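The structure appears below as structure tokens.
The chain is numbered in sequence order, starting from 1. Because the structure is a prediction, the values reported are computed rather than measured. One-based numbering, in listed order, for ligands and for the atoms of each.
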Amino acid sequence: MPISGNDRKVVTKICNIIKKHKNFLLTTHQVPDGDGLGCELAFLRILKRLGKNVFIINEVASSQVYSFLPGYSEVQVAAMYKGEKINADVTIVFDCSAKQRIGRILSFVGETKIINIDHHYGNTFFGDINWVSETRSSVGEMCFFIAKHLDCLDKGIAECFYVSILTDTGSFKHNFNVETISVVAELLKVGIDPEKIADNVYHNNSIAALNLLGHALVNLQYAPDLRTAWTVLRKCTFEKTKATEQDSELVIDMLQTVEKTDFVFLVRERNNEIKFSLRSRKSFNVRKIAEHFGGGGHDSASGFSIKNASINSALEKFFRYLKERS
Ligand SMILES: [Mn+2]
């Protein structure tokens with residue numbers, strides 16, 4: 001079992017808390033990705049099997065491409081939620097480096113015990129219990145050990161964890177190691193169909209998402225001196241294409257294929273902020289750049305926002321910094 005003594009201790013602690021309590025709230029960062037959602041859905045199944053009440057709520061809806069995962073339709077979205085206050089005993093926050101990153105879900109959390117499970121650098125240890133492991137590919141890879149400890153692993157749960165690992169490693173292109181593969185081996189033994197999962201995740205793009213990609217690629221920019229490529233997605237482009245925030249994942253994936261780059265980035269216009277998503281090529285560290293602007297993430301994938309700025313002024317600020325440090 002590829003888990004250290006320290007990790008084993010915290011897994012045991014988390015499992016004891018799970019056994020002791022009845023009502024659980026699960027959430028992840030504001031725009032849920034395959035990792036965060038995979039963990040939520042895996043835990044929905046695990047906790048239900050243990051006879052617990054489970055409620056999942058996220059700031060925004062997750063991509064439809066994950067709708068094949070068990071329990072997908074049970075995920076609530078904050079803006080649509082009209083129910084009463086959620087009285088959970090325990091809130092589990094997946095894949096989130098800081099408490100503010102769960103957005104308005106904070107107001108639902110109330111006085112519950114918080115379990116923080118994450119793999120980002122710079123996690124603020126905001127939970128009552130914190131399990132942070134930066135060397136893990138995904139939170140799904142970590143949560144696998146909890147499922148195993150609770151003796152709950154089944155095919156549905158294994159599918160969720162596989163989606164976490166598959167998407168957070170960019171289909172096994174980055175951020176994984178021999179320990180990741182040994183977890184994947186265990187998931188395969190449970191009988192998951194990786195071909196079916198990959199087909200669902202990657203061959204399931206909406207027309208809106210592809211139209212958004214079209215806009216993004218037409219406006220592709222390249223700076224040879226900084227060895228970077230980028231594109232901008234304006235609010236009106238999202239409106240015109242009817243694409244969602246999550247649909248921009250496809251844009252980021254394509255940006256990473258641009259030749260002669262050390263890193264690439266996507267700029268998105270949100271209500272009162274300009275959001276930058278950075279991806280490195282080779283060993284270039286984009287976390288340090290994001291941290292300069294108050295953001296964070298991983299060495300190879302990071303992000304930050306500049307508030308109350310126009311796209312042009314945010315880009316100007318960003319390039320000024322890049323030129324200074326180069
Ligand atoms: Mn993750």
Side-chain angles (χ1 to χ4, degrees), residues 3 7 10-11 14 26-44 56 58-60 62-63 65-66 69 75 91-103 105 114-127 130-147 157-177 179-181 183-184 187 197-198 201-202 245-246 248-250 252-253 256 266 275 277-280 285-287 290-291 295-304:
I3 188 167
D7 281 354
V10 63
V11 165
I14 291 170
L26 311 179
T27 194
T28 180
H29 46 80
Q30 291 176 49
V31 182
D33 60 11
D35 187 20
L37 181 73
C39 291
E40 289 178 329
L41 295 178
F43 268 76
L44 176 72
I56 305 178
N58 294 329
E59 176 84 19
V60 299
S62 33
S63 166
V65 304
Y66 302 117
L69 287 175
V75 178
T91 297
I92 312 181
V93 182
F94 302 102
D95 203 31
C96 224
S97 55
K99 208 172 172 179
Q100 312 84 267
R101 291 201 65 212
I102 65 174
I105 312 306
I114 295 178
I115 301 177
N116 160 23
I117 310 176
D118 186 32
H119 67 139
H120 290 93
Y121 281 94
N123 187 290
T124 56
F125 287 75
F126 58 86
N130 303 284
W131 184 22
V132 179
S133 183
E134 294 101 338
T135 56
R136 294 283 177 184
S137 68
S138 54
V139 179
E141 183 187 324
M142 298 165 72
C143 289
F144 160 82
F145 296 101
I146 300 174
I157 293 164
E159 277 186 342
C160 296
F161 290 147
Y162 187 77
V163 164
S164 285
I165 297 171
L166 181 72
T167 55
D168 257 21
T169 60
S171 325
F172 301 101
K173 288 200 288 277
H174 50 72
N175 263 356
F176 69 97
N177 53 32
E179 292 179 0
T180 316
I181 298 303
V183 169
V184 169
L187 300 178
I197 295 172
V201 174
Y202 297 114
E245 285 270 332
Q246 298 91 294
S248 53
E249 278 300 313
L250 208 53
I252 295 178
D253 289 346
Q256 284 177 281
L266 172 65
K275 202 174 168 347
S277 301
L278 284 60
R279 296 291 182 276
S280 75
N285 188 321
V286 288
R287 179 169 55 86
E291 282 172 354
H298 307 285
D299 289 352
S300 58
S302 67
F304 65 90

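- When the Mn ion (ligand 1) is compared with the N/O/S atoms of Asp95, atom OD1 turns out nearest.
- In this pair, Phe172 and Tyr162 present their aromatic rings tilted. The plane angle is within the 30 to 60° band.
- Sorting the N, O or S atoms of Asp168 by how far they are from the Mn ion (ligand 1) puts OD2 first.
- Inclusion of His120 in the first shell of the Mn ion (ligand 1) is not supported: no N, O or S atom falls under 2.8 Å.
- Between Phe43 and Phe94, the angle of the ring planes lies from 30° to 60°, which puts this pair in the tilted group.
- Smallest separation of non-hydrogen atoms from Ser97 and Arg101: OG-CD, 3.6 Å.
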*When you look at Asp168 and His119, which way does the side-chain hydrogen bond (donor to acceptor under 3.5 Å, both in side chains) test go after all the steps?*
CA-CA 11 Å; Asp168 257 21; His119 67 139; 3.1 Å; yes
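- Atom CG of Leu41 sits about 11.0 Å away from atom CD1 of Ile157, to the nearest 0.5 Å.
- Note on Asp33: not counted as a metal contact of the Mn ion (ligand 1), no N/O/S atom lying under 2.8 Å.
- Within Asp35, the N, O or S atom lying nearest to the Mn ion (ligand 1) carries the name OD2.
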